[in-house]
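Notes to accompany the following structure.
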Amino acid sequence: MTESLDAHRPDAPTLAGQYQPGEVEQRRYEQWVADGRFRASADSDREPFTIVIPPPNVTGSLHMGHALDHTMQDALVRRKRMQGFEALWLPGMDHAGIATQNVVERQLAEQGLSRHDLGREKFVERVWQWKDTSGGTILGQMRRLGDSVDWDRERFTMDEGLSRAVQTMFKKLYDDGLIYRANRIINWCPRCLTALSDIEVEHTDDDGELVSIRYSDDVVVATTRAETMLGDTAVAVHPDDERYRHLIGTEVELPLTGRRIPIVGDPHVDPAFGTGMVKVTPAHDPNDFEIGQRHDLPALTIMDERGVITAHGPFEGLDRFEARPAIVAALRAQGRIVAEKRPYVHAVGHCSRCRTTVEPRLSLQWFVNTSPLAKAAGDAVRDGRVRIEPPELAKRYFAWVDNMHDWCISRQLWWGHRIPVWYGPDGEVVCVGPDEEPPSSSGDGPGWHQDEDVLDTWFSSGLWPFSTLGWPEQTPELAKFYPTSVLVTGYDILFFWVARMMMFGLYAMDGKQPFDVIALHGMVRDDHGKKMSKSFGNVVDPLDWIDRYGADATRFTLARGANPGGDVPVSEEWCQGSRNFCNKLWNATRFALINGAHAVGPLPEAERLSTVDRWILSRLAHVTAEVDEQFESYEFAKVCDLLYHFAWDDVCDWYVELSKPVLAGGGESAEVARRVLGHVLDQLLRLLHPVIPFVTEELWTALTGGETVLTAPWPVSDRALVDDAAEAEVATLQRVVTEVRRFRSDQGLRPTQRVTARLDGLAGAGVAAHEPLIRSLARLDPAGEGFQASATLAMPGEVSVALDTRGSIDVAAERARLTKDRTAAEKEAGQARAKLDNPAFVGKAPEQVVAKIRERLAVAEADLARIDAALEALSS
RNA sequence: GGGCGCGUAGCUCAGCGGGAGAGCACUCGCCUUACAAGCGAGGGGUCGCAGGUUCGAAACCUGCCGCGCCCA
């Protein structure tokens, strides 16, 4: 007497015929938050797992890039949570200095106002107002995606704690001599009126002009920026250039100005470019600035902050782009233009915020001396403390950190962290820490003023992995969750943000890295591999997909395309496919519930399991192990692919179909099948939950009666369930069924049409017990009185199926089918034989490989014999 | 100009030394009581080109052609 396995839940819900995500998602998400499922505690005994979100701009909204980045992070965090880690995913935003200031300035401009009309204090107040009311829409959008972030820990780079961190860091770097102020050439945006760091400049190949100007009979220079000649203070040639060596040390008169400027020899000059002579404008070109320094040349600034010419009579007051043709015309009038090339395509820098052409500008700015910091940032990856995934991208990282320039951190903005430096009336410079009184209010007398500038936004986001955890205070959060576990971001941001966090983290946290792993992904692209851009009109709004197909479908589409470090193409059709997959899961579970499947109690003992049960459990064991492994190496695409095929092919197409007759038959075998089906779905839904959280939650709770799949233990592969014999048997069964189906299809038999058949040789192939299943799936009735075989299908392993098609066999179709098979078998045999006939192969290839080819030849020859016999029978 | 990477089925991509794969698209047949957002079957590729290494190359090496990205 065996104990009944059935534990029917009378409350088991019935599911609708289709999955409707919209209805489910909001309800589930609100419940998760209300139940505190995403909260992480610093006093937990559990091992921590931490991800800090790459903070989106406060001005931003959710785009596909975020959706991809967040899907990956959420999948990692949800899995770790299921594995029992104290999993923290910390959300927040950065203040996006230039971008945010631009937004508010535009609003003011509509009222005909500038920020100067309001004054600094009122303007900043206004920006805060904007931030509070319409900033941060992206946070609401993250809920639609299903992000399991700890909302209680949301941070903003401008909030009090993080501002304190910024000031602390500035002071620390300043005191260590790693921050300095200097007059340097920096990238300047004449529209935003601020300095930019190198990485805020985007280079594009633009049409320009290359004009060659004769300064004297001996001196001709080529330039794309003729207008800057007004600021030339030298002409340079390569010191080894035979053509011009004799000119070094002489002078030439600069046209239009009458100034005499020296000719210098500098190895930076490329003798092959143009005439091999270059004009040197130290105040308006970074390379020229360096040449100027080497030769002690004066730097003449000829433009104001808006790019307007400030000197030289007729050109004064002209914008830089008006001045260019005017100066060329003036030079031409003097017969000094000896060559012109238009269009001349060359790289031009643009402000990454407003696209304005960047103007190199000599000005007094604050810099971080990055050399010691960048060295440490490189070493942390070199010595393995920080792992970059995929490892190939480490090369790019090194290329950046090993050649880093000093970082210009001052911005001529009002929105941001104001530089904590005060200047005294007698030239004093004081850097003030967070707990120190600024000199202006400490009775040191009048005349003190604070630096007007603010810090680059990246300065504060560089502190993100620890400022968000409470640094500079030694908080329990910092102790528990730092270093963070993984940083997930795009390779496009490796240089600026990631490298900065590495430098700051190692420096501020006594050499402890900000994260153990940097997991990189690429850009989301359209279904032709094109970058999404407004000008192309191929931008897809993830919220649109979430509305129409569900968050799960959107996430699955992204995760399925996410190969490490690779770009991720998406299309609406693929999203529909993902939606269909969710619906497939829905219906599989629906079928299971209708048939009384459940996940209560232990699995039946091995001897009570059918071969088919043992097969699906064996498959489950393999898939679980593989999925787990792929997750560990951030192979989201492989995780999705494995689960997709396991769910659809193994579970739905075969296990469910094979179980139908068993379930219908009732009795103990049906009881066992109900439990096994329930178990497989239970585990499958858990494995899928990190990627598609909503539908799996809905189905898992319906199936198991459990409270939430969110904290259900993550499946562990049970190697004891691996069953090679069962897998082989089911493979044979599948082959027989598929062969019969193929015959039926080729013969044009309707799926509903039953055909009588006699099955021979099943015992020899070890599948005698499965005859009923084979008949069921292949729709074959038993041969009875008057059975007359009109066709015989011979299959590998001595199995043959004789079918009675009432004499209506389509001989031509059958001959064509067999001939096709014969060609394939012949090719196979030929290839194998060729190899085996090669003594070098037999002699040098590993024994295993040779054996495999021998086996292949044997199978192919047997197939040939079988097919020939069938063809013979067909013609007689 | 320097560096990195990529060219595999119509499209997008896996595979990266031993039988050419997936999704979508395509063709044929089906409302087979979980699912037509579905079921069954099928077609389709001298793996950019040319050399080389190897018993064996889509995979490794060299060169060329084409494309992309980053930096200057």
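What you are looking at is a predicted structure, and each value in this text was computed from that prediction instead of being measured. When reading the values below, keep in mind they use all heavy atoms of this one structure, side chains included, and skip hydrogens, waters and symmetry mates. Per chain, numbering begins at 1; letters A, B, ... match sequence-line order.
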RNA chain B: 5'-proximal contact among A:Q831 and A:G17 (nearest heavy atom): A:Q831
Check against side-chain contact (heavy atoms from CB on, under 4.5 Å), A:E698 and A:T589: CA-CA 10 Å; A:E698 193 72 5; A:T589 309; over 6 Å; no
Tell me, what's RNA chain B's dot-bracket, Watson-Crick or G-U with both distances under 3.5 Å, | for other-strand, [ ] crossing? ((((((((.[[[[.)..(..]]]].(((((.......))))).....[[[[[..)....]]]]]))))))).
A:H405 atom NE2: more than 12 heavy-atom contacts under 6.0 Å: no
Ignoring the backbone of A:W574, work out which of B:A22, B:A37, B:G23 is nearest its side chain. B:G23
Span that lies between the P atom of B:U8 and that of B:C13, in whole angstrom: 9 Å
Within the supplied structure, the quantity of interest is the number of heavy atoms (other residues, nucleotides, ligands) at a distance under 6.0 Å from A:E629 CD; does it exceed 12? no
Between B:C49 and B:A57 - P atom distance, rounded Å: 15 Å
Salt bridge (Lys or Arg N to Asp or Glu O under 4.0 Å) between A:R775 and A:D781, worked out: CA-CA 7 Å; A:R775 286 186 177 280; A:D781 285 337; over 6 Å; no
Between A:W648 and B:C39, is there a contact of a side-chain N or O with OP1 or OP2 at under 4.0 Å? yes
A side-chain contact here means heavy atoms from C-beta on lying under 4.5 Å apart; do A:T696 and A:L684 qualify? no
Using only modelled atom types and a 3.5 angstrom limit, is any donor from either the side chain of A:Q18 or the base of B:A37 paired with an acceptor on the other? yes
Please state the C1' separation for the pair B:G23 and B:G17 - nearest whole angstrom. 27 Å
Check this one for me: any side-chain N or O of A:N580 less than 4.0 Å away from OP1 or OP2 of B:G38? yes
Any residue meeting salt bridge (charged side-chain N to carboxylate O under 4.0 Å, His left out) with A:E359, in chain and number order, not counting sequence neighbours: A:R225, A:R320
Proximity to RNA chain B (any heavy atom under 4.0 Å), residues of residues 547-566 of chain A only: A:R560, A:N563
Please report, rounded to the nearest Å, how far the P atom of B:A37 is from the CH2 atom of A:W586. 16 Å
Check whether any side-chain heavy atom of A:V740 lies under 4.5 Å from a side-chain heavy atom of A:M795, and answer yes or no. yes
A:V24 vs A:V695, test: side-chain contact (heavy atoms from CB on, under 4.5 Å). Steps then yes/no. CA-CA 8 Å; A:V24 170; A:V695 69; over 6 Å; no
Heavy atoms under 4.0 Å, any strand shown: does A:R741 hit a base, just sugar-phosphate, or nothing? sugar-phosphate
Does the side-chain contact (heavy atoms from CB on, under 4.5 Å) test come out yes or no for A:H679 and A:H598, once each step is laid out? CA-CA 7 Å; A:H679 176 74; A:H598 66 269; over 6 Å; no
When you get a sec, tell me which of B:C13, B:G19, B:A41 is the closest nucleotide to the side chain of A:P569? B:C13
Proximal nucleotide (of B:A41, B:A37, B:A22) relative to the A:H645 side chain: B:A22
Rounded to the Å, how far apart are A:L643 CG and B:A14 P? 19 Å
Find the distance A:H528:NE2 to B:A25:C1' and express it as a whole number of Å. 11 Å
How is A:Y19 classified with respect to the nucleic acid when contacts are heavy atoms under 4.0 Å: base, sugar-phosphate, or nothing? base
To the side chain of A:D653, which of B:C71, B:C39, B:C35 is closest? B:C39
Output the residues of residues 834-842 of chain A in contact with RNA chain B, where contact means a heavy atom of the residue under 4.0 Å from an atom of the strand; sort by number or write none. A:N838, A:A840, A:F841
Give the intermediate values and the outcome of side-chain contact (heavy atoms from CB on, under 4.5 Å) for residues A:R382 and A:F398. CA-CA 9 Å; A:R382 261 184 284 271; A:F398 293 135; 3.6 Å; yes
What I want to check is whether an N or O donor and acceptor connect the side chain of A:R579 with the base of B:A37 at under 3.5 Å. yes
Using the P atom as the reference point in each nucleotide, state the distance between B:C31 and B:G44 in Å, no decimals. 28 Å
Does A:E657 get its side chain close enough to the base of B:A34, under 3.5 Å, for a donor-acceptor pair? yes
Tell me what A:V656 touches on the nucleic acid: a base, only sugar-phosphate, or nothing, going by heavy atoms under 4.0 Å. base
Does anything in residues 817-829 of chain A come within less than 4.0 Å of RNA chain B? Heavy atoms only, and list the residues if so. A:K820, A:E828
Tabulate protein N/O versus nucleotide N/O from nucleotides 2-10 of chain B, keeping only pairs under 3.5 Å, one per line.
residue	atom	partner	partner atom	Å
B:G5	OP1	A:K395	NZ	2.6

Residues that A:D552 engages under side-chain hydrogen bond (donor to acceptor under 3.5 Å, both in side chains), provided they are two or more places apart: none
Could you check whether A:R560 makes a cation-pi contact with A:F636, meaning its NZ or CZ is under 6.0 Å from the centre of the six-membered ring and within 45° of the ring axis? no
Which residues satisfy the ring-ring contact (aromatic ring centres under 6.0 Å, His included) test with A:F694, sequence neighbours excluded? A:W32
Partners of A:D821 by salt bridge (charged side-chain N to carboxylate O under 4.0 Å, His left out), sequence neighbours excluded? A:R742
A:W574 six-ring centre to A:R555 NZ/CZ under 6.0 Å and within 45° of normal: no
Contact list (N/O, under 3.5 angstrom) for nucleotides 31-33 of chain B vs protein:
residue	atom	partner	partner atom	Å
B:U32	O2'	A:R779	NH2	3.2

Quiz: residues 521-530 of chain A side-chain donor-acceptor pairs under 3.5 angstrom, not counting sequence neighbours:
residue	atom	partner	partner atom	Å
A:H521	NE2	A:G490	N	3.4
A:R525	NE	A:D567	OD2	2.6
A:R525	NH1	A:G529	O	3.1
A:R525	NH2	A:D567	OD2	3.1
A:D526	OD1	A:H528	N	2.8
A:D526	OD1	A:G529	N	3.2
A:D526	OD1	A:K530	N	2.8
A:D526	OD2	A:N538	ND2	3.0

With a 4.0 Å cut-off on heavy atoms, is A:C582 in touch with a base, just the backbone sugar-phosphate, or nothing at all? nothing
Judged by each residue's nearest nucleotide on RNA chain B, which is more toward the 5′ side, A:S745 or A:D527? A:D527
For the side chain of A:A845, counting heavy atoms from C-beta on, which of B:A34, B:A41, B:G18 is nearest? B:G18
Identify whether any heavy atom of A:T738 sits under 4.0 Å from a base atom; if not, whether one sits that close to sugar-phosphate; answer base, sugar-phosphate or nothing. sugar-phosphate
Testing B:U12, B:A14, B:C24 for proximity to the side chain of A:K638, the answer is B:A14
Checking all strands, does A:D641 fall into the base, sugar-phosphate, or nothing category for heavy-atom contacts under 4.0 angstrom? sugar-phosphate
Nearest to side-chain heavy atoms of A:K852, which nucleotide of B:A34, B:G19, B:A41: B:G19
For residues 832-851 of chain A, the side-chain hydrogen bond (donor to acceptor under 3.5 Å, both in side chains) pairs (sequence neighbours left out) are A:R833-A:E861
